[in-house]
Amino acid sequence: MSKIHQDIEKALACVKDGHTLMVGGFGLIGAPLTLIDGLTKKEVTELTVISNNLGEIGKGLGELLRQKKIKKAVGSYFTSNREVGDYYQKGEIELELLPQGTLSESMRAGGAGIGGYYTKTGVGTELAKGKEEREINGIKYIFEPAIRADVALIRAWKADTLGNLVYYKTARNFNPLMATAADVVIVEVDEIVEPGELSPEVIVTPHLFVDGIIKAKKILTKEGVIDYE
Amino acid sequence: MSKIHQDIEKALACVKDGHTLMVGGFGLIGAPLTLIDGLTKKEVTELTVISNNLGEIGKGLGELLRQKKIKKAVGSYFTSNREVGDYYQKGEIELELLPQGTLSESMRAGGAGIGGYYTKTGVGTELAKGKEEREINGIKYIFEPAIRADVALIRAWKADTLGNLVYYKTARNFNPLMATAADVVIVEVDEIVEPGELSPEVIVTPHLFVDGIIKAKKILTKEGVIDYE
Amino acid sequence: MSEKNQIQDLIAKRAAKELTGPCVVNLGIGIPTLVAKYIEDENVYFHTENGLLGVTDVEEGQIDPNLVNAGKLPVGETIGASFFNSAESFAMIRGGHVDVAILGVLQVDQSGQIANWAVPGKNIMGVGGAMDLLVGAKKVIVTTTHTSKDGKSKLLKKCHFPITSTRSVDMIITELAVFEVEEGKLNLLELMPGITIEEVRDKTEADFIDQLKERAK
Amino acid sequence: MSEKNQIQDLIAKRAAKELTGPCVVNLGIGIPTLVAKYIEDENVYFHTENGLLGVTDVEEGQIDPNLVNAGKLPVGETIGASFFNSAESFAMIRGGHVDVAILGVLQVDQSGQIANWAVPGKNIMGVGGAMDLLVGAKKVIVTTTHTSKDGKSKLLKKCHFPITSTRSVDMIITELAVFEVEEGKLNLLELMPGITIEEVRDKTEADFIDQLKERAK
């Protein structure tokens with residue numbers, strides 16, 4: 001009954017070929033580096049990855065890119081890994097670019113049972129092509145559908161054993177949103193604590209959103225990604 | 001330059017005849033009782049009040065109702081003050097009823113620059129009458145527009161002098177949402193602290209949402225509403 | 001205990017059996033609220049739409065006026081509880097993150113549609129979270145007395161009060177019987193102690209399929 | 001300091017003069033980021049769309065790899081800062097809660113429309129928060145070198161790169177001059193030290209209205 005996994009393979013057993021994954025992080029900051037590393041060691045193909053970036057060159061999701069496990073990526077800024085362009089040119093990956101505010105809002109909508117919404121962002125630009133435009137109170141908006149995933153892989157700072165989460169500084173970013181918008185949510189954390197150690201007023205992600213917890217084995221330092229201990 | 005008001009009249013100077021006000025609280029819980037009391041002493045008419053309830057009989061917003069300062073109320077549950085029905089029967093108040101999830105989501109949309117959104121809630125019911133229906137991925141939704149107000153009157157637990165806010169238990173409710181969705185936001189708080197006393201990780205309402213702060217003079221106790229000290 | 005209270009407790013106690021952890025449950029006002037006291041499984045977590053996951057009882061001396069449930073009754077918070085705003089709370093509900101909602105009704109019909117927020121001819125004064133819970137909760141259980149005060153069946157062929165949602169509920173528990181809704185039809189699953197099927201037939205306007213034998217197998 | 005850096009600092013320093021507190025400012029990547037170091041007003045608060053209000057400098061020894069700005073550069077947090085998720089951050093931006101955005105551009109035209117996210121013929125690989133900032137910030141200031149590396153004017157009659165938004169920016173600051181956009185037209189407000197209007201005319205494709213005298217009154 002415990003949500004806590006000791007074993008990365010078991011934590012990632014929910015990820016299947018063809019799945020849509022949400023993967024937290026703003027570049028490597030707040031990315032679930034342990035779970036991504038686990039994916040690089042798992043046989044899985046044809047993934048659709050929803051994440052702001054595809055990591056950096058050869059790092060984080062950049063490693064999965066090189067393994068050609070990603071069929072399609074949905075994000076706002078692939079520029080941070082210039083290899084994405086190379087794979088795209090060769091026709092080895094599909095890309096869908098969304099403004100960062102639309103990406104995050106669509107996740108929130110997906111988690112909140114909202115079918116879609118109207119945003120001002122992108123109106124009249126190339127990213128609005130093919131999207132429905134609508135005027136509300138004299139202002140032009142475009143329709144954006146909610147997005148959801150089969151599995152979300154996220155990173156938090158601390159989890160209690162129930163699955164309540166708190167985050168650390170700007171490593172929070174997309175993680176709490178993804179926690180709401182996937183059928184299965186797996187989180188890696190720096191620390192697992194007992195219920196009650198996180199104040200009810202400061203919990204950012206209540207436990208009902210979380211399905212599995214694993215202790216992080218990879219950590220982002222000034223010198224790059226290293227193994228814990 | 002300080003956001004802190006000593007004087008209730010000055011804090012409420014932003015409220016004008018015909019304004020739309022958002023007023024926090026779930027019944028009296030988390031309601032800005034001091035600011036509401038200030039409104040009962042201010043000459044102002046034709047208000048539209050967006051609030052989950054209209055207080056209780058003769059209490060909170062229920063007092064404003066008796067003063068006939070409210071032209072229209074938008075909320076989800078007026079039942080908690082049965083006088084609302086009497087005034088409605090006499091044609092002395094207009095009512096707009098929204099499901100509680102739609103009320104809160106529309107406020108969030110209003111504060112987030114979203115023009116409107118599609119919700120499943122209410123589809124096929126009397127509350128969907130006249131509302132646009134749309135199918136997205138095989139599920140029926142209705143369109144709900146964002147809502148905003150001229151002024152939001154809210155209650156928090158603590159503010160720092162910059163205007164960062166934290167809330168107390170279930171007195172949080174609609175308050176953080178209203179803080180985002182009005183042109184002017186005035187908050188009453190139990191305690192005003194120095195910047196830095198509220199951890200950056202636990203601030204619920206960042207200061208950019210808050211225009212004015214006043215120390216609460218009314219407090220909700222088990223025995224009802226009493227004056228502080 | 002009054003007869004009314006006994007009936008309510010009987011229904012609540014039966015509903016409690018449907019809850020096995022881990023699950024997140026939202027309890028409506030009235031009989032549903034009573035369900036909590038029959039739950040011993042600590043992996044059943046109670047959610048209240050005014051912004052708390054981890055609702056529990058509170059002793060008289062511990063009452064905090066700013067800690068209440070959706071019925072504005074004083075409650076306590078469990079270890080591991082969390083507070084959130086109303087939009088976040090309803091995002092949980094509409095987004096499918098609440099496993100079970102237990103609700104009272106004015107009427108329920110044989111297709112499983114319910115009416116629990118408005119009465120024709122009276123002012124429509126409140127809806128609260130009922131419509132959100134109906135569209136969002138994975139499973140909806142109705143707990144209700146079988147008949148209204150004037151003795152009329154609350155289980156109807158068709159609701160004549162305004163419906164709360166087009167979504168059918170999953171289960172109906174009364175002081176007489178337990179029904180499930182399957183493919184738009186009512187199945188009688190269980191009789192409450194001492195109740196006969198004749199009595200159920202007598203007090204039920206809705207058509208239902210007797211599945212007692214199927215169930216007993 | 002290289003000539004390029006001197007020019008960037010000159011522009012940033014001028015842009016800093018536009019910021020008087022209390023205000024909330026979002027700084028784009030490049031020249032805009034430099035603006036912060038010329039701000040002494042403690043009521044100017046910096047917002048970064050990856051989830052922090054209260055961005056400040058960080059000393060080398062204090063760098064935290066999990067505390068960065070939108071350019072993924074290490075930053076610090078001020079006293080009174082707050083962290084939030086990406087959707088909340090963009091809700092602040094789109095919802096009109098950020099007073100000023102300072103952005104770099106590839107091109108800006110005489111109507112004030114900008115292009116700063118894509119180049120025709122190249123893969124479109126990133127947009128980030130640019131489009132959200134354009135529609136949401138109350139005031140948008142462009143800081144840019146007046147010409148591109150090949151000496152061509154960045155201030156054009158019409159953007160030929162894909163635009164970022166139909167919304168016009170409010171002000172353009174280059175190493176040569178300061179312009180404001182009013183009713184879809186460019187007004188030249190100010191020359192940078194040592195620059196002549198002839199030089200500005202020479203290096204500017206966009207039509208503009210000389211308001212130097214008006215401004216001097």
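Labels below follow one simple rule: chain letters A, B, ... track the order of the sequence lines, proteins then strands, and each chain is numbered from 1.
- Atom NZ of A/Lys215 has more than 12 neighbouring heavy atoms from other residues, nucleotides or ligands inside a 6.0 Å radius.
- A perpendicular orientation is assigned to the rings of B/Phe143 and A/Tyr118, their planes being inclined by more than 60° (bins at 30° and 60°).
- The number of heavy-atom neighbours closer than 6.0 Å to NZ of A/Lys131, taken from other residues, nucleotides and ligands shown, is above 12.
- One finds no salt bridge joining A/Glu201 and B/Lys169 here, because no Lys/Arg side-chain nitrogen approaches an Asp/Glu carboxylate oxygen to under 4.0 Å.
- For a residue to count as touching a neighbouring chain, one of its non-hydrogen atoms must lie under 4.5 Å from one of that chain's; by this rule B/Glu105 touches chain A with the side chain only.
- Within 6.0 Å of OH in B/Tyr167 there are more than 12 heavy atoms belonging to other residues, nucleotides or ligands.
- Residue A/Phe209 qualifies as enclosed at atom CZ: its count of foreign heavy atoms under 6.0 Å is above 12.
- In terms of heavy-atom pairs under 4.5 Å with chain B, the best-connected choice from A/Pro200, A/Gly115, A/Ser199, A/Pro145 is A/Gly115.
- For B/Ile114, the parts sitting under 4.5 Å from any heavy atom of chain A are the backbone and the side chain alike.
- The 12-atom threshold is not exceeded at NZ of B/Lys129, counting heavy atoms of other residues, nucleotides or ligands nearer than 6.0 Å.
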